[in-house]
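Okay, so here's the structure we're looking at.
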Amino acid sequence: MYWLKIIYYGLLTLCLTALFLNYKRVGRHILLFIPVIILAIQTQVNGDILKAEGLGEKRFFVFHIYIPLEYLLLSYYYYLLLRGKWVSYFFILSNIGMVAFSAVYYSLNKASFYHPDFAQFVLGSVFVTFLGIIFFSQFFEKDERVDLISYPDFWINVGNLLFYAGCLFVMGLHYSLQKRNSELADRLLQINYYLNIILYFLYIVAFTCSKATKRYQ
Amino acid sequence: MFESDEAISIVILAGTAVILILAISVVGFIAAYRIRKESFLKEKNVMQQTFQQELLRTQLEIQEQTFKTISQEIHDNIGQVLSLAKMNLATADIEQEHKSAEKVYMAKDLVSKAIQDLRDLSRTLNTETIVSMGLLKAIETELQLMQKTASIETSMNIEGTVSRLEPQKELILFRIVQEALHNVIKHSNARQVTVDALYSNQYLYLKISDDGQGFDISEETAGSGLRNMQSRAKLIGAEWNISSNAQGTLINISIPITS
């Protein structure tokens, strides 16, 4: 797991560097990923510090705070990216839903707040997967000329779709499995790490796109 | 809910695998579709640019030809008529009242003819007039002018329900017909020219036939006149062909009618 974490941190740092170096060439809406990545790094660092301090499994409250914030930023990215009146309603309602669900769920299951119970992550994943699918359907119908290699949104959404859809089962069932067999649960959680590596690798591809979308009539 | 750890593991692994396969398939399909669409749009763009260039070239050619026609018409027709009018006025002797009045009347008639010729010339060359009067009316006017100036019998037959084409196409089609009629005047020694226009549901068929001496097409196809007609027809998506023998020449043009 150690080397996976090193790769994970490395990719996050590379993502941020690529985005800072290329911020003029990617669209302005993609700059939203600067706080997303900074937040991801900070949460991971905080989690690791708390683990080192001996909090062990109880460190997970950091992630439960991070997840709604991450979803807020991601849904705002989709709000800027997608077409349609419904997007603004979806942005508001899904964020209210996310906060309300987190508040109610962790109030009713107080222990879950400090443990790896990722119910809110599953809800966020469903929302992001849905938004990713909408992006691809709108992209499919687009009549403009688009060069895939220089279209950052395409690569971001490939990453989002693979990561958030791929993590649904492993994150959804992790807590149940952990209570019965923590060793097996941790082994299976490696799927999440691998998908994270794919996600950030695709983000790097997106942030290093040489040009913004080419548009022709 | 789950009986064993193994069952949960299987659900997690199988579920994740199925979802990932689905996601990869969707992304792969959309990427392949977009790559194909991109290449199609690129091709379309190149074709549009080529079409615009061809259109511009044709417009320049038509303009060039128009200047040539104006110059020829002024020199061969209007210039001659006005010179004759001037000669009549110059030789009119005021003392011989009867003879000079005759010459003044003749000069007046010649000036009127020159004015009429100028009007006709202006009408046949003005693009806007042709577009506003429509293809058939423009051809009819051209035939009337031809009959008057070149002493060739002309007739026009129209069949089917007349429908207008795009202005740009009508103009180019008219210029093709005009070139064909000018060729009849210049080279055929014909006494009769007929233009037939047949409208079907999807096509307009135009037939220009004369009873002139004809010519050897294989020798003449290299000439720019026939080549121009052919390339202009191609530019507007029309089919153009010509046949000729000792009994006359026949040009067929067919163009799709798009509503």
Side-chain angles (χ1 to χ4, degrees), chain A residues 122 125-126 129 132-133 135-151 154-185 187-192 194-195 198 202 213-217, chain B residues 1-59 166-169 172 235-237 256 258-259:
Chain A
V122 173
S125 291
V126 171
T129 304
I133 290 169
F135 165 80
F136 281 113
S137 75
Q138 291 189 354
F139 179 55
F140 183 79
E141 290 166 354
K142 211 173 194 170
D143 276 331
E144 293 160 3
R145 282 184 63 186
V146 176
D147 184 3
L148 286 188
I149 295 166
S150 46
Y151 190 32
F154 173 76
W155 298 107
I156 287 172
N157 279 281
V158 173
N160 282 353
L161 195 65
L162 291 180
F163 176 74
Y164 288 99
C167 281
L168 274 173
F169 277 88
V170 70
M171 297 297 265
L173 295 173
H174 177 76
Y175 195 45
S176 317
L177 186 61
Q178 214 223 11
K179 282 195 264 186
R180 296 162 70 152
N181 186 340
S182 66
E183 198 189 329
L184 182 61
R187 271 222 310 272
L188 284 175
L189 199 63
Q190 282 193 17
I191 293 173
N192 175 266
Y194 286 116
L195 288 173
I198 292 171
L202 288 168
T213 318
K214 276 184 192 169
R215 277 157 200 248
Y216 305 85
Q217 200 57 46
Chain B
M1 191 178 165
F2 295 101
E3 284 180 8
S4 64
D5 300 345
E6 204 181 326
I8 301 182
S9 310
I10 289 169
V11 168
I12 290 174
L13 289 171
T16 306
V18 168
I19 282 188
L20 284 177
I21 288 168
L22 271 175
I24 290 168
S25 308
V26 167
V27 170
F29 169 74
I30 289 173
Y33 171 79
R34 285 305 313 195
I35 289 167
R36 276 184 63 185
K37 193 169 182 175
E38 170 72 8
S39 103
F40 166 75
L41 289 172
K42 205 170 167 182
E43 210 172 298
K44 196 175 151 193
N45 210 273
V46 170
M47 276 169 74
Q48 268 174 349
Q49 278 176 1
T50 314
F51 176 75
Q52 288 302 328
Q53 280 169 358
E54 278 287 303
L55 197 65
L56 190 69
R57 195 178 61 79
T58 306
Q59 278 169 342
E166 290 163 44
Q168 191 74 267
K169 283 187 178 176
I172 291 179
L235 186 69
I236 54 171
T258 45
S259 53

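Every chain is numbered from 1, with letters handed out A, B, ... down the list of sequences.
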If I measure from the heavy atoms of chain A, does B/Phe40 come under 4.5 Å with its side chain, its backbone, both, or neither? neither
Quick one: of A/Thr129, A/Leu162, A/Asn157, who has the most non-hydrogen atom pairs under 4.5 Å with chain B? A/Leu162
To the nearest 0.5 Å, what is the distance between CG (A/Asn160) and CD1 (A/Ile133)? 12.0 Å
A/Phe169 to B/Thr16 - nearest heavy-atom pair and separation: CB-OG1, 3.7 Å
Taking all heavy atoms of A/Tyr151 and all of A/Val146, pick out the closest pair and write down the distance. CD2-CG1, 3.4 Å
Is chain B contacted by the side chain of A/Leu195, its backbone, both, or neither, given a heavy-atom distance below 4.5 Å? side chain
Can you tell which part of A/Leu188 gets under 4.5 Å to a heavy atom of chain B, answering side chain, backbone, both or neither? side chain
At a heavy-atom separation under 4.5 Å, does B/Ala31 approach chain A through its side chain, its backbone, both, or neither? both
Please report the closest heavy-atom contact between A/Glu144 and B/Arg34, naming both atoms and the distance. O-NH2, 2.7 Å
Measure distances from A/Phe139 to the heavy atoms of chain B and classify the residue's part below 4.5 Å as side chain, backbone, both or neither. both
Check side chain to side chain donor-acceptor pair (under 3.5 Å) between A/Lys179 and all other residues, then give those that pass, not counting sequence neighbours. none
Checking A/Leu148 against chain B: side chain, backbone, both or neither under 4.5 Å from a heavy atom? side chain
Keeping the roles fixed (side chain from B/Lys37, backbone from A/Lys142), state whether a donor-acceptor pair exists under 3.5 Å. yes
Engaged part of B/Ile12 at the chain A interface, taking heavy atoms whose separation is under 4.5 Å: both
Heavy-atom proximity to chain A below 4.5 Å, by part of B/Leu13: side chain
Can you tell me how far CG of A/Leu161 sits from CZ of A/Phe135, rounded to the nearest 0.5 angstrom? 10.5 Å
